[in-house]
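Only one structure is covered here, and it is reproduced in the block below.
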Amino acid sequence: MEQYNPKAVEEKWQKIWKEKKEFEPKGEKNLPKKYVLSMFPYPSGKIHMGHVRNYVLGDVFARYYRKEGKNVLHPIGWDAFGLPAENAAIQRKVHPKEWTYKNIEEMRKELHRLGLSFSEEREFATTDPDYTRWEQEFIIKMYENGLLERRTQKVNWCPSCHTVLANEQVIEGQCWRCDSQVEIRELPGWYILITKYAEELLEDIDKKLKGKWPERVLIMQKNWIGKSVGLKFQFHFTEESWCKLNSKFEGFEVFTTRPDTIFGVTYTALAPEHPIVDYLLENHLLSPEVEEKVRKIRAIPPRERQSREKEGVYLGIDVLHPLTGQKLPVWLANFVLVEYGSGAVMAVPAHDQRDYEFAKKYGLPIKYVIKPIEGELPEDSAYTGDGILVDSGEFTGLDNQTAKEKIIEKMEELGLGSREVNYRLRDWGISRQRYWGTPLPFIICPKCGIVPEKIENLPVTLPDDVEITGEGNPLANHPTWKKVKCPKCGGEAERETDTMDTFVDSSWYFLRYTTDFRKFKNLPFRKEDVEYWMPVDHYIGGIEHAILHLLYARFFTKALRDLGYIQLDEPFDHLLTQGMVLKDGAKMSKSKGNVVPPSEMIEKYGADTVRFFILFAGPPMQEIEWNENGVEGAYRFLNRLWSNAEKVEKSPTKPEIDPSNLTKEEKEARRKVYQAGQRFLDIFQKELYTFNTIIAGIMEAFNALNKLDLNRKEGRKVYTEGYWVLLNLLEPFVPHISHQLSHTLFEGKNLGKVEIDSDALKSEEVLYPVSVNGKKRGEISVPVDASKEEILEKARQRVEKYLTGKEIVREVFVPGRIINFVVKG
RNA sequence: GCGGGAGUGGCGGAACCGGUAGACGCACUGGACUUAGGAUCCAGUGGGCGUAAGCCCGUGGAGGUUCGAGUCCUCUCUCCCGCACCA
C-alpha cells in the first residue's frame, strides 16, 4: 500500500465533494432539519487557528447530522464591511471593495483546504448590494415603526478610528478594536431603540435560553441589560431655593432601589452634568468658590472620576423630604452618573457605602433606619444588609423587604412617586462616520426633515470614486454623492453620510442563509424557509461576542418579528462558545510573535491532522494550547490508521461475526469498538460535545484491534469489522482519510448512521474490585450470570488474609460495580 | 467589591447517578530493527519504601457525611474570566 499522503487524499476528496455538490441543503421540507452555523468571519485575508477551531467544530456537527439522515444547512459567508478595508486603502492605496473581495477569495481557499462541508450556493458577503438592499429596507421599517431615531447626544468617539462607538464597543474606556482611549463628544447620530426590548431580551434568557447557552453568557447579558426595580419620586425645593432658581425648577427626580431607607435620607446629590447644575452655572447663582469647585469637577471626564475619591460641594439650595418635610441640602457629587436614572440621588449614608464615604468626608449627618436582626451595626461603614426598620414613622418595626413594598405603595397613594424599572442597557448607536459600511438610507431635507429613501430606489450604494485619507467622513467629503432631491418634496436635499455599524450586518445574516436567495430575488428571505430552518440549532463562536453580536442578533430577530417579516423569538437554540487556541500560554498575536499559521500546518501535516489535533486537545469550551508534539501524535495516529488498513479484508458489507468462535481478546476488541460507537452517540445526544473523549475511545478500540492475532480467520473478521465501524466514527472529525479508506476498503458503504451491536457490548465476565474497609485489596472476575452468593464467596477468598481474625460487620455488594467488606477487630 | 468558572502525574486531559483515580495522547526510560535515527515497532511510566511479593501516600488545604468521596456538605487558599461608584 502506498504511504499516507494527506495532501493528495485531501485534494481528491475536496474535489469530489465540490463536484457532487455534496453539502447543499435539500429542498424537501418534510425532512427533519438541522441548522449548524459557525459565526461568520471578517475577511482579513488569512485564517487563524481560532477560525480553524470554530469551523471544524461546526463541521463536526454538520457531518454528524448528515450521518443521522438530517437535512443539514451549514453555510458560510463574509462579514465584509469594516474599518480594516479603509485602513488598507490608506496604507496601500487599494480600494476597499477590491481589497475585501480579494481577501474573500483567499480566505475561501484557505477554509476550503480544511475540508469543511459548507453549502456554496448560500454564500454571500454583507457588502453585496443584494444584501444591503434588504438591510436598508429593515432600517427604514424600523424608523417608520419608532425603533430607530436620529438624535444628538453625547457619544463615544474613537479618535483613532475617527468614528462613534456603541456602548457595547467600549471596553474599560477603550475602543474594542484599536484600544484607543475613547472621548465623549456631542454628535448627531442614529439610534436603534433596543431599550424597548430590554424586558423581553431579559425574560427570554430564562424562558428560552437557559440550559442551552453557556451560563456565563447568559449572566453577562443579564448584567448588561441591568434591570433594577425601585421607586421614582420628586424632591421639591424649599420656597427659598425655588426663588433662587427663579422658579424655573420645582425640584428634581430621583430613583432608588432602596425605598425602605427613605427615612434615612440626610442629603441629596446631583450629577455634575445635571440640568440644574447647568442652570446654576449659566445664571451665576453660585458663589465664586463653589462655582470654581463645580467647574473643576465637571472638567474631569466621567470615566476618570470612577477611580477618584468621592468629591462634591454644597450647591446652596435645599429640598424637602417628601414624607417628613425635613429640609435636606442639595450637593453636587462626582460619583453620581448623569446617564443613569435621572442623574440625581437621595443619599442614605447609613445604608449606602458611597453615600457613607461622602458624608464622612463632608461631615454630613448619618441616620440609621435599619437594624440588623442579629449583630450590631458596623462601626466604619454603611449597613447594606436586611433588618428591621427603626425611626421610620409608620413603617417602624417592619422588616425592610416588606417595608420596600409598603413605602412604594404609600408614595404612590400620596401621588408623590411611582414604582419604576430601570435598565442599564442604552440605545444602540449605529452611526459610523466611515465609508466602508452600509449607507443609512435617509435623506435630510431642509423642508421635510428626515425622509427615508423610497423602497424602489434601494439599495443606496456607495460611490466607488472616493478618497480615503483617514481624515473626516469620506462620504461627507464626496463632491456629489450626498446631493439628492428630496423624495417627498423634490427639493434640494442631502443624503445621510453616516454608514451603519457592521454589527447591524451580522444581526440578520443567519436568516438570509435559509433561502436560496439567488432564486428568490424579490425577498430578503422566504418566510417558509425561515420557518423550516430557524432557529439555528447549533451556533458556534467565540466568547468575545457574548454581549455585542449575540445581544444585537437577538434584538434584531424580535424586531423583525414585530415588523412582520418572521415568526421567531430567538435566533439561536444552542450556543457553543469555543475556547481560544493559545501558544505558549498566551493568545496568538502578531505582537507576541507566537502565531502558528494554519496554512503552514496544513501544508506540513494535512487538514485531517490539524482537525484531529484541535478536537483532541481538549473539550470545545476550554482553551487549548497549540503543541506541535501533540500534532505529531495526531499525525502518527492517522498514519497508523492508514498503514494498518492493509490488514483489512475488503468488503462492501460488514462482516458477519459469530461471537461463539471468538477468543477473549477478540470479544474485548469488539466491545471497545462498540463502546466507542456508543460514546460517540451519547456525546452528541446528551449534548456534551466532548469530542476529545470520543477520539480517545476510538484510539483505545484501535489499539485493542492491533493486538489481535490476524492469523486467525475470526481475528481478521473482527479487525475488519473494527475498521468498518471506526472509520465511520472518525468521518466527522477527519473526513478525508475516512472517506478514502472507506472507499478503498468498503466501497464507502460503512459511512452512515452509527449502529451499535448491543450484544458485542455485553461482556461474559465482570471484573469486581474487592475492598476491605473501603481500601481496594484485590479484584475478581466472575461470569455475568453469577449469583450474589457466588460472587461474595469468591471475593472473600480473594481477600482472605485481610479478613482472618476479623469480624465481617457488613458486606456491601453493588451489582456490576464493587464489593466492600466492612470488618472490625 | 459583586458575579461566574477552575484547581487531578513532568504536560494536555479522562473518570456515567458517590463505587478500581490517572482512560487517551504528549514527554520520558528501556529494548528491537538499523550505517544512523529526530522513522517505525514492543515494553514500562503518579510518588515513596522494597530484590520481590507487597505495603504506605496521593485529585490545592482543613474538617465532615458515607461501607466507600476527585465527585456531596462546611470552612479555607490559589488562579482565570466577566462586571464594576448603576443609586
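Below, chain A is the first sequence line, B the second, and so on; all start at residue 1. Atom set for the values below is all heavy atoms of this structure, side chains included, hydrogens, waters and symmetry mates excluded.
Taking atom CZ of A:Arg354 as the reference point, atom P of B:rC85 lies 9 Å away to the nearest angstrom.
Straight-line distance between the C1' atoms of B:rA69 and B:rG58: roughly 14 Å, to the nearest whole Å. For B:rC72 and B:rG19, the C1' atoms lie 14 Å apart once the distance is rounded to whole Å. Rounded to whole Å, the separation between the C1' atoms of B:rC83 and B:rG12 comes to 31 Å. Comparing B:rG10 with B:rC16, their C1' atoms are spaced 29 Å from each other, to the whole Å. Here, B:rU59 and B:rA23 have their C1' atoms 15 Å apart, quoted to the whole Å. Here, B:rG25 and B:rC17 have their P atoms 25 Å apart, quoted to the whole Å. With both ends at atom C1', the span from B:rG50 to B:rG63 equals 34 Å, rounded to whole Å.
Shown here are the ring-ring contact (aromatic ring centres under 6.0 Å, His included) partners of A:Phe616, two or more places apart in sequence or in another chain: there are none. Here A:Tyr552 pairs with A:Trp428, A:Phe503 under the ring-ring contact (aromatic ring centres under 6.0 Å, His included) rule; sequence neighbours left out. Annotation: ring-ring contact (aromatic ring centres under 6.0 Å, His included) contacts of A:Tyr368 (sequence neighbours excluded): A:His351. Every residue two or more places apart in sequence or in another chain was checked for a salt bridge (charged side-chain N to carboxylate O under 4.0 Å, His left out) with A:Lys360, and none qualifies. The ring-ring contact (aromatic ring centres under 6.0 Å, His included) check on A:Tyr635 picks up A:Tyr605, with sequence neighbours excluded.
B:rG9 takes the syn form, because its glycosidic angle lies no more than 90° either side of 0. Regarding the sugar-base torsion, B:rC17 falls in the syn class, its angle being within 90° of 0.
Remark: A:Lys310 is positioned above the aromatic ring of A:Phe335, its terminal NZ or CZ atom under 6.0 angstrom from the ring centre and at most 45 degrees off the axis.
Applying the ring pair (Phe, Tyr, Trp, His ring centres under 6.0 Å) definition to pairs two or more places apart or across chains, those involving residues 211-233 of chain A are A:Phe233-A:Phe235. Screening residues 258-276 of chain A for salt bridge (Lys or Arg N to Asp or Glu O under 4.0 Å) gives A:Arg258-A:Asp260, A:Glu273-A:Arg305 as the qualifying pairs, with residues at least two apart or on separate chains. The salt bridge (Lys or Arg N to Asp or Glu O under 4.0 Å) pairs that include a residue from residues 688-708 of chain A are A:Lys672-A:Glu700, where partners are two or more places apart or lie in different chains.
Pairing for B:rA36 is absent, with no Watson-Crick or G-U wobble pair whose two atom distances lie under 3.5 Å.
Looking at which nucleotide of RNA chain B each of A:Ala617 and A:Tyr340 is closest to, the 5′-most match is held by A:Ala617. Along RNA chain B, the nucleotide nearest to A:Glu625 and the one nearest to A:Val822 differ in position, and the one closer to the 5' end is contacted by A:Glu625.
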Please set out all donor-acceptor pairs under 3.5 angstrom arising from side-chain atoms of residues 811-819 of chain A, sequence neighbours excluded.
residue, atom, partner, partner atom, Å
A:Glu811, OE1, A:Arg796, NH1, 3.4
A:Glu811, OE2, A:Arg796, NH1, 2.3

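Distance check, rounded to the nearest 0.5 Å: CH2 of A:Trp642 to CG of A:Asp608 gives 10.5 Å.
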Report summary line: Scoring nucleotides 19-25 of chain B by protein non-hydrogen atoms under 4.0 Å (B base, S sugar-phosphate only, - none) yields BB--BBS
Report summary line: Its contact letters, B for base, S for sugar-phosphate only and - for none at protein heavy atoms under 4.0 Å, make nucleotides 57-64 of chain B read S-------
Query raised in the report: When every nucleotide of nucleotides 78-84 of chain B is labelled 5' to 3' by its protein contacts under 4.0 Å (heavy atoms), B for base, S for sugar-phosphate only, - for none, what sequence of letters results?
Result: ---SSSS
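Aromatic ring pairs are classed by plane angle as parallel below 30°, tilted from 30° to 60° and perpendicular above 60°; the pair A:Tyr689 and A:Phe691 is tilted.
Side-chain to base pairing of A:Lys686 with B:rC16: no donor and acceptor N or O lie closer than 3.5 Å to each other.
Between B:rG13 and A:Gln622, a contact under 4.0 Å exists linking OP1 or OP2 to a side-chain N or O.
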